[in-house]
Every structure is written in structure tokens, then in C-alpha cells.
**Student:** 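Quick one: this structure, given as C-alpha cells, is what I'll be asking you about.
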Amino acid sequence: MSVNLSAYNKIKEQLKPYNAKLVAVSKIKPAADIQALYNLGQRIFGENYVQELQEKQALLPTDIQWHFIGHLQSNKVKYIAPFVTMIHAVDSMKLLEEINKQAVKFNRTIECLLQVHIAEEETKFGLSEKELEELLEQWREQQQDLPNIRIAGLMGMATNTDNLEQVRKEFNHLKSLQTSLKACFFADQDTFNELSIGMSGDYTIALEEGSTMVRIGSMLFGARI
């Protein structure tokens with residue numbers, strides 16, 4: 001078995017009380033490993049690299065929901081727009097506009113998560129709270145011109161630290177931010193309900209703090225070389 005069946009079953013059981021979704025992060029793993037997890041019932045897979053995602057999508061079942069979870073350049077959107085379900089790391093109005101432009105060409109609606117910088121490390125991508133509010137103000141003014149995107153919620157990565165209370169605090173803050181922005185910008189819309197937080201090392205804390213979507217790779221597929 002190329003995937004960890006016991007870990008998969010354990011995670012699925014842990015997600016049930018929270019009604020949260022599992023994004024199986026399959027970057028750098030072969031299509032055969034994805035197929036093995038698909039055969040166990042998994043349907044949502046996350047990829048970080050555009051070319052790799054294109055190649056895998058062509059080989060694998062058409063009912064897979066592909067989530068792009070890496071940093072996405074505007075000029076690469078066209079390659080995944082025909083099939084991608086959700087883009088997790090949107091961090092600019094320019095990128096939202098390009099996703100809409102490409103989605104229109106294929107008569108599709110693409111779900112988007114806005115990435116917020118909540119970690120202490122400077123290397124992480126993401127919007128500051130001020131930038132996030134400015135982007136949403138701009139989106140509100142232009143949303144009639146962006147009918148083929150749906151802002152589904154927020155995504156964030158906690159600081160890479162052994163201090164789990166700091167991780168919890170960062171997740172809790174993002175959940176509070178999502179709640180307040182939902183009331184301000186999406187009160188009359190059935191969207192902005194997703195919170196993509198939690199990875200292999202901190203997903204149990206993320207669930208306790210309101211995650212609706214955890215992104216797990218190494219626990220399922222083993223360490224990446």
C-alpha cells in the first residue's frame with residue numbers, strides 16, 4: 001500500500017465531529033499514490049505546482065476535486081482554469097481578476113480562498129489584515145464584473161514552532177477575522193464559510209479553532225524526498 005491507510009482512517013474519524021474536509025496534499029507524489037487514496041474514497045487533492053497538477057489531472061479520474069494550494073502566478077492561471085475546483089492562496093486583486101477572466105472562458109465558477117499572513121516568519125506569503133480589508137472593499141465594488149469567482153473564505157499557515165499555544169492563538173485570530181469579515185462583506189450571501197487551516201503537525205488544534213478544511217500530506221503519503 002503506497003498510502004498510510006491507518007492514518008487516513010484516523011484523520012477521517014477526527015474530522016467527522018467538525019464536519020471538516022480533508023485536502024490530501026499530493027505534491028511530488030506519483031499519480032499511482034493519488035489513485036490508491038482515491039480508491040479508498042478520497043476525492044479532494046491539493047497540489048502546489050501548475051505543471052505537475054496539469055500532468056496528474058490528465059491521468060486521473062475526472063471526479064477528483066483539485067485544489068491548488070501553492071503560490072500562484074497570474075500568468076499560470078490559464079493552465080488550471082479548465083478543471084481546478086478551488087485556489088487556496090489568493091493574495092491580490094490582480095490574481096482574482098485573472099482567475100475570473102480564465103474561468104469565463106470555460107464557463108466555470110472557481111472558488112477562491114484569500115491567504116492571510118498570520119505567522120511570525122517573514123517567508124510566508126499572504127495579505128496583512130489591512131490589505132485583506134482593502135481587497136474585499138475593492139471586490140465589493142467590482143463583484144458584478146467578477147461573476148465567475150466565488151470568495152469562499154480564508155486560508156492561513158501558522159508559525160512553524162513547537163509553541164502550540166502560539167499556533168492556537170494564530171488560528172483563533174484568523175477564525176475571529178473570518179467571522180467579522182463574513183458579517184461585514186458576505187452577510188447576505190451563502191459564501192465565505194471556509195477556513196483552510198491546519199497541516200500534519202497542527203491540524204487537531206486547527207479543528208478545535210474552527211477549521212473547515214485541513215491540508216495533510218506527509219501523514220498520508222509519507223515524507224517527501
**Student:** Among M155, Q65, M213, find the residue that satisfies the side chain to side chain contact (heavy atoms under 4.5 Å, CB included) test when tested with M86.
**Tutor:** M213

**Student:** Are any of the side-chain nitrogens in K10 or E13 under 4.0 Å away from the carboxylate oxygens of its partner?
**Tutor:** no

**Student:** Looking at side-chain heavy atoms only, is the closest gap between I149 and K101 below 4.5 Å?
**Tutor:** no

**Student:** Could you tell me whether the side chains of E134 and Q138 share a donor-acceptor contact shorter than 3.5 Å?
**Tutor:** no

**Student:** Would you say the side-chain atoms of S128 pair up with the backbone N or O of E131, donor to acceptor, closer than 3.5 Å?
**Tutor:** yes

**Student:** We want to know whether T159 and E170 form a side-chain donor-acceptor pair, criterion being a heavy-atom distance below 3.5 angstrom.
**Tutor:** yes

**Student:** Quick one: do the E47 and Q57 side chains pair a donor with an acceptor below 3.5 Å?
**Tutor:** no

**Student:** Charged N to carboxylate O below 4.0 Å: is that the case for K169 and E165?
**Tutor:** no

**Student:** So, are R168 and E209 salt-bridged, with charged N and O less than 4.0 Å apart?
**Tutor:** yes

**Student:** Should the pair E97-K94 be classified as a salt bridge under the 4.0 Å nitrogen-to-oxygen rule?
**Tutor:** no

**Student:** In this structure, are over 12 heavy atoms from other groups packed under 6.0 Å from N19 atom CG?
**Tutor:** no

**Student:** If you measure from the Lys or Arg side-chain nitrogens to the Asp or Glu carboxylate oxygens, is any gap between E194 and K21 under 4.0 Å?
**Tutor:** yes

**Student:** What pair of heavy atoms forms the shortest contact from S92 to L95, and how long is it?
**Tutor:** OG-N, 3.0 Å

